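Presented below is the structure to which this report refers.
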Amino acid sequence: MSQQDNINQTDTLFSQARPDLHPFTFNQAVVDVFPDMINRSVPGYQTIVDGIGKIAKNTLADNSHVYDLGCSTGSVSLSIAKQCAPNALRISAIDNSEAMVKRCRQHIASYRHCSTINVSEGDITNISLLPCNMAVINFTLQFISQEHRQKIVSDIYRALEPGGICIISEKIKANSESVNHLLIDLHHDFKRDNGYSDLEISQKRSALEDVMILDTLDTHLNRMRTAGFTEISTWYQNLNFASMVAIK
Ligand code: GEK
């Protein structure tokens, strides 16, 4: 099978019972099924990605610099590039999974777009951000240990030019335990409706248990305030998945 044949496979990673279940990582097997996995697992994912492109179109001037932090296959970068004028932007897309970075470069190369998208391998807990006009961290903070999260958001605030946009999307937990249970049940229904079995849902949940640590929406908004943002709002929420925007 060629590299190309492995692209965009259906996600069946957790469909067989796996007694030796390892913690979830963004390895080659995950990269090969990633678009299918994220679309069938995250309610509103495509709406959020499209919306981020629209937010960029409505807020960025020509010659803007944009960060896509935890870029995976580059969907956010491409959405922004497609919405904005040709050559208007420089986009820096960063991910710490070597396999994901390789796939991201292939994905971006297969589209016609005119803005420059630089894809690099890097750990966003450990990079120096250059001045920018927009920074997006779409469903990635949840995979970063909690003690590093404030530094990342504060670094984004410092790097943004006045008027710059920060977008943070996350799976969240509700303040109330019973509402949280309800949202989890509804999310599992969403996954069942998208063809995942109960075994797949429970094995994926176990694999993610110590890897994806969720905060409440209040914790996220407070972290953004602590970083220095005062203009903050949730612009999208679907079940326990939310996207927040802040303007510096
Ligand atoms: C999208 N934003 O399609 N540094 C850099 N990247 C990291 C780090 C880190 N420390 N930790 C995890 N990642 C994308 C979706 S997926 C979300 C983002 C999901 C990367 C990891 O390798 C993976 O590619 C990404 O964060 C999370 O809009 O799978 O639910």
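In this text the structure is predicted, and so the values were computed from the model without any measurement. One-based numbering, in listed order, for ligands and for the atoms of each.
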Thr140, Val211, Asp68, Asn96: member with heavy atom nearest to atom 27 (C) of ligand 1: Thr140
For ligand 1, is there an N or O atom under 3.5 Å from any N or O atom of Ser75? no
Test side chain to side chain donor-acceptor pair (under 3.5 Å) on Asp95 and Ser97; report intermediate values, then the result. CA-CA 6 Å; Asp95 202 285; Ser97 155; 4.5 Å; no
Stepwise side chain to side chain contact (heavy atoms under 4.5 Å, CB included) check, Ile137 with Ile124: CA-CA 10 Å; Ile137 176 157; Ile124 63 168; 3.5 Å; yes
Measure from atom 22 (O) of ligand 1 to every heavy atom in Val101, Asp95, Asn39 and give the option owning the shortest one. Asp95
Of the listed options (Phe143, Phe26, Phe241), which comes nearest to atom 30 (O) of ligand 1 when hydrogens are ignored and any heavy atom counts? Phe143
How are the rings of Phe229 and Tyr157 set to each other: parallel, tilted or perpendicular (split at 30° and 60°)? perpendicular
Based purely on interatomic distance, does Ile124 place a nitrogen or oxygen under 3.5 Å from a nitrogen or oxygen of ligand 1? yes
Pair Asp155 + Lys151, salt bridge at N-O below 4.0 Å: yes
With side chain to side chain donor-acceptor pair (under 3.5 Å) as the criterion, how do Thr10 and Asp36 come out once you've worked through the C-alpha distance, each side chain's angles and the decisive distance to 0.1 Å? CA-CA 6 Å; Thr10 303; Asp36 182 63; 4.8 Å; no
Of the non-hydrogen atoms in Ser77 and Asp68, which two are nearest, and what is the gap between them? OG-OD2, 2.7 Å
Could you tell me, atom by atom, which parts of ligand 1 come under 4.0 Å of a heavy atom of Ser97? 22 (O)
Without swapping roles, check the side chain of His187 against the backbone of Val42 for a donor-acceptor pair under 3.5 Å. no
Could you check Ser110 against Gln106 for side chain to side chain contact (heavy atoms under 4.5 Å, CB included), going step by step and ending with a plain yes or no? CA-CA 6 Å; Ser110 68; Gln106 288 172 338; over 6 Å; no
For ligand 1, does Asn138 get within less than 4.0 Å through its side chain, its backbone, both, or neither, judged by non-hydrogen atoms? both
Mark up the atoms of ligand 1 that fall under 4.0 Å of a heavy atom belonging to Met100, in ascending order. 24 (O)
In this structure, does ligand 1 have an atom that sits under 4.0 Å from one of the heavy atoms of Gly122? yes
Which option wins on minimum heavy-atom distance to atom 18 (C) of ligand 1: Ser145, Cys71, Ser72? Ser72
Heavy-atom pairs closer than 4.0 Å: do any link ligand 1 to the side chain of Ile144, the backbone, both, or neither? side chain
Ligand 1 atoms nearer than 4.0 angstrom to some heavy atom of Asp123 are 4 (N), 9 (C), 10 (N)
What atoms of ligand 1 come closer than 4.0 angstrom to any heavy atom of Val76? 28 (O)
Are the side chain of His107 and the backbone N or O of Ser75 linked by a donor-acceptor pair below 3.5 Å? no
